[in-house]
Amino acid sequence: MKRLKCHPGDSVCISSNETYFITLDKMRCLRKRSAVSFLGLLVICLLFMNLYIEDGYVLKGDKQLIRETSTHQLNSERYVHTFKDLSNFSGAINVTYRYLAGTPLPRKKYLTVGLSSVKRKKGNYLLETIKSIFEQSSYEELKEIAVVVHLADFDLPWCDSIVRDITQKFAHHIIAGRLMVIHAPEEYYPMLDGLKRNYNDPNDRVKFRSKQNVDYAFLLNFCANISDYYVMLEDDVRCSKNFLSAIKKVITSREGSYWVTLEFSKLGYIGKLYHSHDLPRLAHFLLMFYQEMPCDWLLIHFRSLLAQKEVMRFKPSLFQHIGYYSSYKGTENKLKDDDFEEDSFDIPDNPPAELYTNMNVFENYDVSKAYSSVDEYFWSKAPTVGDYFVIIFEKPINISKIKVSTGTEDRQNDILHHGALEVGENVGWSKKGKQCATYLRLGEFQNGNFEMADVKHKVPFDIHCIRILATRTQKEWLIIRSVSIWTFQPINQ
């Protein structure tokens with residue numbers, strides 16, 4: 001028998017002819033370790049399966065996506081340089097920006113409008129977009145807006161040419177500190193070639209959308225401390241008139257409630273509003289998954305990961321896509337937001353209120369969904385005569401306009417066929433619950449809708465309640481799509 005050459009702690013002894021022998025004790029130990037490893041792996045698999053089943057919103061490949069990304073080899077010094085601070089998601093990304101026009105702002109603004117732009121093979125809509133932002137804002141609104149344009153193309157002569165056009169057309173806005181044009185140098189970008197071909201995209205498409213994620217990450221990183229809020233646009237957008245006032249009104253209406261993203265367009269990443277304090281985390285998130293999927297998909301995951309499961313989209317839309325040719329290869333892109341309204345946009349106030357009904361509510365289509373500006377609705381089974389839907393305001397208010405819409409395009413017969421709208425005062429408790437003591441009937445529903453302007457001149461008291469009343473029993477179910485309230489604001493406010 002040949003002598004075995006063993007080392008302390010080795011589970012394997014090696015003979016001179018490289019034959020391997022494993023002792024009986026070591027084999028038992030290995031079996032135990034294998035069993036423990038197998039059980040551990042099984043538990044982990046079960047946990048992942050449970051997470052997948054419980055969270056139906058998360059895409060099927062998300063967990064593999066995260067696992068693959070976390071183990072991705074950093075095979076470039078530049079790549080390591082870009083990602084070295086990812087452990088600190090609240091901190092800024094280390095990028096030295098070039099100021100192509102404008103200077104750092106002397107004071108914090110209310111809203112930053114951010115857009116990134118690259119050289120297109122066909123068409124250029126950037127100047128038109130900037131013009132729309134400024135022209136659709138009042139003088140008072142302009143005081144609260146900062147516009148940041150990230151010229152993200154690596155073609156520096158093109159960047160210089162665009163900057164000359166911008167400074168020529170918008171010099172007074174640059175001087176007033178409302179417009180900045182920046183550029184993140186190419187040296188700060190991670191690898192853009194040889195990336196994973198997720199969704200079977202061609203290589204040039206993968207490179208385009210991956211770079212676009214980094215473009216926006218660097219833009220978000222720059223804008224983190226400029227204002228209280230940030231809205232993301234593309235470089236081929238037209239704005240609704242007084243869009244800032246509309247956004248302010250929505251933010252005020254959501255005061256005290258949690259939100260991550262408010263959406264003012266249904267297209268891509270146009271019109272997505274964020275708290276500025278979330279921008280560093282969002283920037284890091286886009287960088288971490290830059291090669292995995294398009295930017296608008298990543299924004300959905302970011303919102304969900306921060307525990308906002310529902311989309312909070314407001315209508316009418318405040319921003320419209322105007323570009324005919326895409327920035328990717330100059331392909332045609334005719335997408336339009338059919339909820340966009342350019343003129344006479346007037347979003348309701350909908351003051352804080354409690355809502356009650358004695359109707360038979362269907363599933364989770366509860367009363368609050370009719371009073372929200374988000375695209376959702378209240379739905380009940382067939383109402384009977386005397387059934388009510390009541391809104392009780394936190395304090396009596398002076399109302400200028402009321403509008404109630406029932407039914408939807410898909411369910412056009414689920415309207416209030418016979419009903420009335422009443423306003424009340426003197427809130428108290430009764431057998432029916434919390435109610436106003438007296439009501440004044442303002443009018444009847446016509447074709448499932450009610451609208452009345454100049455309410456303040458038709459009601460001799462400050463309104464504490466609004467009641468929608470079914471005046472006849474109907475066979476059809478009832479959808480209340482929206483209840484919109486405009487309050488009267490004195491001229492000096």
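Numbers here simply count residues along the sequence, with the first being 1.
Taking CH2 of Trp477 as the start and CZ of Phe362 as the end, the distance is 4.5 Å to the nearest 0.5 Å. Interatomic distance, NZ of Lys109 versus CG of Leu244, reported as 11.0 Å (0.5 Å rounding). Interatomic distance, Ile466 CD1 to Ile402 CD1, rounded to the nearest 0.5 Å: 4.0 Å. A distance of 9.0 Å separates OG in Ser482 from CG in Asn350, rounded to the nearest 0.5 Å. To the nearest 0.5 angstrom, Lys211 atom NZ is 9.5 Å from Lys207 atom NZ. Taking CZ of Phe319 as the start and CD of Gln136 as the end, the distance is 10.5 Å to the nearest 0.5 Å.
Residue-environment remark: NZ (Lys108) exceeds the threshold of 12 foreign heavy atoms within 6.0 Å. More than 12 heavy-atom neighbours from other residues, nucleotides or ligands sit within 6.0 angstrom of NZ on Lys248. Summarising the local packing, CZ of Arg472 is surrounded by 12 or fewer heavy atoms from other residues, nucleotides or ligands at distances under 6.0 Å. Around CD of Glu310, the count of heavy atoms belonging to other residues, nucleotides or ligands within 6.0 Å does not exceed 12. Residue-environment remark: CG (Asn447) stays at or below the threshold of 12 foreign heavy atoms within 6.0 Å. Heavy atoms of other residues, nucleotides or ligands lying less than 6.0 angstrom from NZ of Lys458 number more than 12. Taking a 6.0 Å sphere around NZ of Lys169, one finds it holds 12 or fewer heavy atoms contributed by other residues, nucleotides or ligands. Counting non-hydrogen atoms of other residues, nucleotides and ligands closer than 6.0 Å to CG of Asn413 gives a total above 12.
Counting heavy atoms from C-beta on, the side chains of Leu127 and Phe170 come closer than 4.5 Å. Within the 4.5 Å cutoff, the side chain of Leu298 has no heavy atoms near those of the Ile300 side chain. Residues Arg178 and Phe134 are in side-chain contact: their nearest non-hydrogen atoms beyond the backbone lie under 4.5 Å apart. In this structure, Ile251 and Asp228 have side chains that are not in contact, with every pair of non-hydrogen atoms separated by 4.5 Å or more. For the pair Asp235 and Ser116, the minimum side-chain heavy-atom distance is 4.5 Å or more. With a 4.5 Å cut-off on side-chain heavy atoms, Asn449 and Ser405 count as touching. Residues Thr357 and Val390 form no side-chain contact, since every pair of their non-hydrogen atoms from C-beta on lies 4.5 Å or further apart. The side-chain heavy atoms of Asp387 and Leu469, taken from C-beta on, include no pair separated by under 4.5 Å.
Heavy atoms only, all atoms of each residue included: Arg313 and Ser265 are closest at CD-O, 3.8 Å. Nearest heavy-atom pair across Ile415 and Gln474 is O-NE2, 2.9 Å. Minimum interatomic distance between Ser317 and Lys266 (heavy atoms only, all atoms of both residues): OG-N, 4.2 Å. In plain terms, the two heavy atoms of Phe243 and Ser137 that are nearest each other are CE2-OG, 3.5 Å. Between Phe302 and Val260, the closest heavy-atom pair is CE2-CG1, 4.0 Å. Leu105 and Ala146 make their closest contact through CD1-CB, 3.6 Å (heavy atoms, listed as atom of the first residue, atom of the second, distance).
By the 4.0 Å N-to-carboxylate-O rule, Lys272 lies too far from Asp296 to be salt-bridged with it. Using a 4.0 Å cut-off between a side-chain N of Lys or Arg and a carboxylate O of Asp or Glu, Glu363 and Lys369 do not qualify as a salt bridge.
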Walk me through it: do Leu286 and Cys295 pass the test side-chain contact (heavy atoms from CB on, under 4.5 Å)? CA-CA 7 Å; Leu286 292 180; Cys295 183; 4.3 Å; yes
Hey, mind stepping through Asn213 and Leu287 against side-chain contact (heavy atoms from CB on, under 4.5 Å) and telling me if it holds? CA-CA 7 Å; Asn213 285 332; Leu287 277 179; over 6 Å; no
Check the pair Glu451, Lys401 against salt bridge (Lys or Arg N to Asp or Glu O under 4.0 Å), reporting the backbone distance first and the verdict last. CA-CA 8 Å; Glu451 184 170 358; Lys401 181 181 174 182; 3.6 Å; yes
What's the verdict on side-chain contact (heavy atoms from CB on, under 4.5 Å) for Ile485 and Tyr371, showing C-alpha distance, side-chain angles and the deciding distance? CA-CA 9 Å; Ile485 310 296; Tyr371 195 61; 4.1 Å; yes
Working for salt bridge (Lys or Arg N to Asp or Glu O under 4.0 Å), residues Lys131 and Glu128: CA-CA 5 Å; Lys131 180 182 177 182; Glu128 190 175 346; over 6 Å; no
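Between the side chain of His464 and the backbone N or O of Phe393 there is at least one donor-acceptor pair closer than 3.5 Å. Looking at Ser276, its side chain does come within 3.5 Å of a backbone N or O of Ser227 through a donor-acceptor pair. With hydrogens and angles disregarded, no donor-acceptor distance shorter than 3.5 Å links the side chain of Asp462 to the backbone of Asn398. A donor-acceptor pair under 3.5 Å is formed between the side chain of Arg303 and the backbone N or O of Gln308. For Asp349 (side chain) and Pro351 (main-chain N/O), no donor-acceptor pair under 3.5 Å exists by modelled atom type. Checked by atom type and distance alone, the side chain of Thr406 pairs as donor or acceptor with a backbone atom of Gly448 at under 3.5 Å. With hydrogens and angles disregarded, no donor-acceptor distance shorter than 3.5 Å links the side chain of Thr112 to the backbone of Gly114. A side-chain donor-acceptor contact under 3.5 Å links Glu141 to the backbone of Ser245. Although no hydrogens or angles enter the test, the distance criterion places a donor-acceptor pair under 3.5 Å between the side chain of Asn221 and the main chain of Ile93. Under a 3.5 Å cut-off, the side chain of Thr129 and the backbone N or O of Val237 do form a donor-acceptor pair.
Separation of the Phe222 and Phe218 ring centroids does not fall under the 6.0 Å cut-off. A distance below 6.0 Å separates the ring centres of Tyr216 and Tyr269.
A side-chain donor-acceptor contact under 3.5 Å links Asp454 and His457. Counted by atom type alone, Ser368 and Asp366 present one or more donor-acceptor pairs between their side chains at under 3.5 Å. Between the side chains of Thr384 and Thr473, not a single donor N or O lies within less than 3.5 Å of an accepting N or O. Under 3.5 Å, the side chains of Glu292 and Tyr290 contain no donor-acceptor pair of N or O atoms. A side-chain donor from one of Ser304 and Lys309 sits under 3.5 Å from a side-chain acceptor of the other. Remark: the His321 side chain and the Asp236 side chain contain an N/O donor-acceptor pair separated by less than 3.5 Å.
Partner of Ile480 under the side-chain contact (heavy atoms from CB on, under 4.5 Å) criterion, chosen from Val367, Ile468, Asp414: Ile468.
Between Trp259 and Tyr229, the ring planes are parallel. Angles under 30° get that label, and only those over 60° would be called perpendicular. Under the 30°/60° scheme for interplanar angles, the aromatic rings of Trp379 and Tyr365 are found to stand perpendicular.
Figure legend: Arg467 and Tyr439 shown as a cation-pi pair, the cationic atom lying under 6.0 angstrom from the six-membered ring centre and within 45 degrees of its axis.
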